[in-house]
There are 2 protein chains.
Amino acid sequence: MAKRRATISDVAKLAGVSIATVSRVVNGTAPVAEETVRRVRDAITTLGYTPHAAARKLAGRETGTLGVLLPEVAAEFFFPLVRGIAEEVRNAGYDLLIHVASSGQESSLSTPLGEHNTDGLLIFTGRLNDEEITRLYNSGCPLVLLYRSPPDNLPIPYVMFENKKGARDLIDHVITVHGRRRIAFLRGPEGNEDSEWRERGYREALEKNGIPFDADLVGMGGFDADIARETVESWLIDGLDFDAIFAGDDEAAMGVMAALRHAGKKVPDDVAVMGFDDINSAKLMAPPLTTVRAPIEAAAAGAAQALLAQINGKEPPHQLRYPTQVIIRQSCGCPDTSSPKMTAS
Amino acid sequence: MAKRRATISDVAKLAGVSIATVSRVVNGTAPVAEETVRRVRDAITTLGYTPHAAARKLAGRETGTLGVLLPEVAAEFFFPLVRGIAEEVRNAGYDLLIHVASSGQESSLSTPLGEHNTDGLLIFTGRLNDEEITRLYNSGCPLVLLYRSPPDNLPIPYVMFENKKGARDLIDHVITVHGRRRIAFLRGPEGNEDSEWRERGYREALEKNGIPFDADLVGMGGFDADIARETVESWLIDGLDFDAIFAGDDEAAMGVMAALRHAGKKVPDDVAVMGFDDINSAKLMAPPLTTVRAPIEAAAAGAAQALLAQINGKEPPHQLRYPTQVIIRQSCGCPDTSSPKMTAS
DNA sequence: GCGTTTTCTGTAAGCGCTTTCATCATAGCA
DNA sequence: TGCTATGATGAAAGCGCTTACAGAAAACGC
């Protein structure tokens, strides 16, 4: 096995042409005689030649790579997200560079990511603070923000869900249909915009139904099962009175259910539980989770498209807003309408 | 805002030195006078200079990038996996290129990934068939396989879990402790080695306890909640007799529980359910899932280390085997030993 | 049949960086 | 004082590729 890999000149030599011609047939950037194309193609396959990415990037202008910045946390909804992005990016012939923000680092100043290594960046992390985003923006790096709005009203495209409407409809449902009035809310991570909008929707629904907002009923869920569980457990110990919990997202809802179950509370009889996102396991929970469907994959794909458009000099939409939809299952108290049971329990 | 980014020569000019010197202070590859270092540093900051990755790669030998090949499927256990890899890779100063195998493509021949764009590849996909792996191996690309052994006994390092032992211990538990004898098994995806070893462990436990193997009790779980659910539902319709289900993995276990619950079967009273992996939501299921812990993140980190070692010319271990551990919760029938309930239901 | 396109192909100039190699002070040592 | 290690720096050669630019051959128009 040859250790050294074939370069464009090897191919050129074998095919008896110049490297420029090889480059042309590889990229199809100029007309090449049919016969020549064949010879070059042959040479390429016999040599197993693959263009060297770095060289290509250096010579051309683009890097052919898109970067994604992710927070360290591993939530289930990351995968549809990454999948949506990956799909789009691959179709456009780009590579995907994923940077998982390190836990320790305040900002990603340490990582020389972006700017030079990628043609553009999809940013999904609260860690990358405003200054960092501003810096990247000023450096001219094409950016698209996921689930957060740009700092200082910078004209950076961003994607968002209709969080407020989804949350409002959801809460309205448990109030009007199930008569719940002591509805708790679990906030997401500090500064998370999705959470802020969901809280707004929650409050609107309360207000609309004449239920006063009670700050005691708001706690930290962190969009995380374990955090949510702890919060609910401490509420239970404190004897807080509630008959429903809007967990902020589905992960947290899972933690909420575990806490409730562990304390002997029945869902939804004693406490209704609602999530947000409609992750895959939502329908598998016991009871199946009433939640709001967020088209995560589609939104991610949209973000990738916006970035690609931007890179190609097109004007991307300033904001992409994806609709959400309430998904009624049983954790809110609604009956199971799916196929009948086999056995009476 | 300057549109064009600063290059090394800009820095050199500003600092009044040669580009070689700038390179030296940036990389610390040779002694530079203190005063000069200061001047260069200043120039770098005022210019906001960041070395261009591609150029660096071209000039140096390495690309500074590691690739990961993932199948399209999005399972929850991917995240610890990616996290483990990302962490390790970042610590080593490499970038991570993630390729999600496309659904349609037979092999990844279409993607020019690997070889040239990365210094090495972590492969976790059954899609990339043996020939493709062989091809990559022959091309001299450093490789590490995740959760599968190399084709044709090629000396490619790979990481594995002690699947057989974990499964054996787990099944032995429900047999000896809970007296189950009609234990079903849900296989993972076709050709999945983890699944094969788990099945072997399952059979060994059966044999050890004098229970004959019954092919009817083996079905397809696909390591997927929905597939597992369907299988169990059809078993239920067929009236198959079983008192325990080893779901193959935790995702499938989730589907199994949903099917059982939906049919009015009690877990674990009517049917014990066991998973494998101990994903985060395992402990949150109702009832909490008895499973086998696989150190996914550690294994992924180990794989990354092995790849890095290989790239740096060190001899990587041929095989990395990670121990597994049975995690007893309540889905097998064991009592809940955690903190007491707050309320009697 | 001669100027003019049109096709095809080669030459060569970088892209921004790393890295010998050579240079030139200094400093060390006899 | 003379000669060599040593430290600090610059000049320049690429890394593998893209892409003007230009030349040569073939096709076209009148």
Side-chain angles (χ1 to χ4, degrees), chain A residues 2-41 43-44 47-65 93 95 112 115-119 139, chain B residues 2-41 43-44 47-65 93 95 112 115-119 139:
Chain A
K3 274 292 114 184
R4 219 182 61 82
R5 63 188 174 209
T7 75
I8 199 172
S9 357
D10 297 331
V11 176
K13 213 169 296 170
L14 213 187
V17 298
S18 74
I19 60 166
T21 301
V22 176
S23 175
R24 285 184 192 112
V25 352
V26 169
N27 300 295
T29 46
V32 177
E34 209 173 305
E35 158 66 10
T36 314
V37 171
R38 220 185 32 67
R39 284 218 313 283
V40 173
R41 285 253 148 77
I44 286 179
L47 258 43
Y49 166 75
T50 321
H52 184 112
R56 216 168 188 166
K57 291 169 191 176
L58 225 206
R61 215 193 279 67
E62 326 246 87
T63 70
T65 307
D95 278 337
E115 301 169 318
H116 295 293
N117 303 315
T118 54
D119 291 340
S139 81
Chain B
K3 274 290 114 181
R4 221 183 59 81
R5 63 190 173 209
T7 74
I8 198 171
S9 354
D10 297 330
V11 176
K13 213 168 297 169
L14 213 187
V17 298
S18 74
I19 60 167
T21 301
V22 175
S23 175
R24 285 182 192 115
V25 352
V26 169
N27 301 293
T29 46
V32 176
E34 208 171 307
E35 159 65 10
T36 315
V37 171
R38 219 184 32 67
R39 282 217 315 284
V40 173
R41 285 254 148 77
I44 287 181
L47 257 44
Y49 166 76
T50 322
H52 185 114
R56 216 167 189 168
K57 291 169 189 176
L58 226 207
R61 214 194 279 64
E62 327 244 273
T63 71
T65 307
D95 278 337
E115 302 168 317
H116 292 291
N117 302 315
T118 54
D119 292 339
S139 81

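To find a chain, count down the sequence lines: A is the first, B the second, and so on, and within it residues start at 1.
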Let me know the distance between [atom1] of [X] and [atom2] of [N], rounded to the nearest Å.
X: A:N27; N: D:dC17; atom1: CG; atom2: C1'; answer: 9 Å
X: A:I8; N: C:dA12; atom1: CD1; atom2: P; answer: 17 Å
X: B:K13; N: C:dG16; atom1: NZ; atom2: P; answer: 12 Å
X: A:D10; N: D:dC17; atom1: CG; atom2: P; answer: 9 Å
X: A:I44; N: D:dC17; atom1: CD1; atom2: C1'; answer: 13 Å
X: A:H52; N: C:dG16; atom1: NE2; atom2: P; answer: 16 Å
X: B:R56; N: D:dG16; atom1: CZ; atom2: C1'; answer: 19 Å

**OP:** Could you tell me whether A:E34 atom CD has more than 12 heavy atoms of other residues or ligands within 6.0 Å of it?
**Re:** no
Original post:
If we fit an axis to the first five pairs and another to the last five of the helix from C:dG1-D:dC30 to C:dA30-D:dT1, what angle do they make, to the nearest 10°?
Top reply: 40°
**OP:** Work out which heavy atom in A:V26 is nearest to a heavy atom in A:Y49; give both atom names and the distance.
**Re:** CG2-CE2, 4.4 Å
Subject >> Non-hydrogen side-chain atoms of A:V25 and A:V17 separated by less than 4.5 Å >> reply: no
Original post:
Taking side chain as C-beta onward, heavy atoms only, is B:T7 less than 4.5 Å from B:D10?
Top reply: yes
Just verifying a value: how many Å separate [X] [atom1] and [Y] [atom2], rounded to the nearest 0.5 Å?
X: A:R24; Y: A:I19; atom1: CZ; atom2: CD1; result: 10.0 Å
X: B:R41; Y: B:T36; atom1: CZ; atom2: OG1; result: 11.5 Å
X: B:L58; Y: A:R56; atom1: CG; atom2: CZ; result: 12.5 Å

**OP:** For nucleotides 5-12 of chain D, just jot down a letter per nucleotide in 5' to 3' order: B, S or -, based on protein non-hydrogen atoms under 4.0 Å.
**Re:** ---SBBB-
Original post:
What pairs with A:T29 under side chain to side chain donor-acceptor pair (under 3.5 Å), at least two apart in sequence or on another chain?
Top reply: none
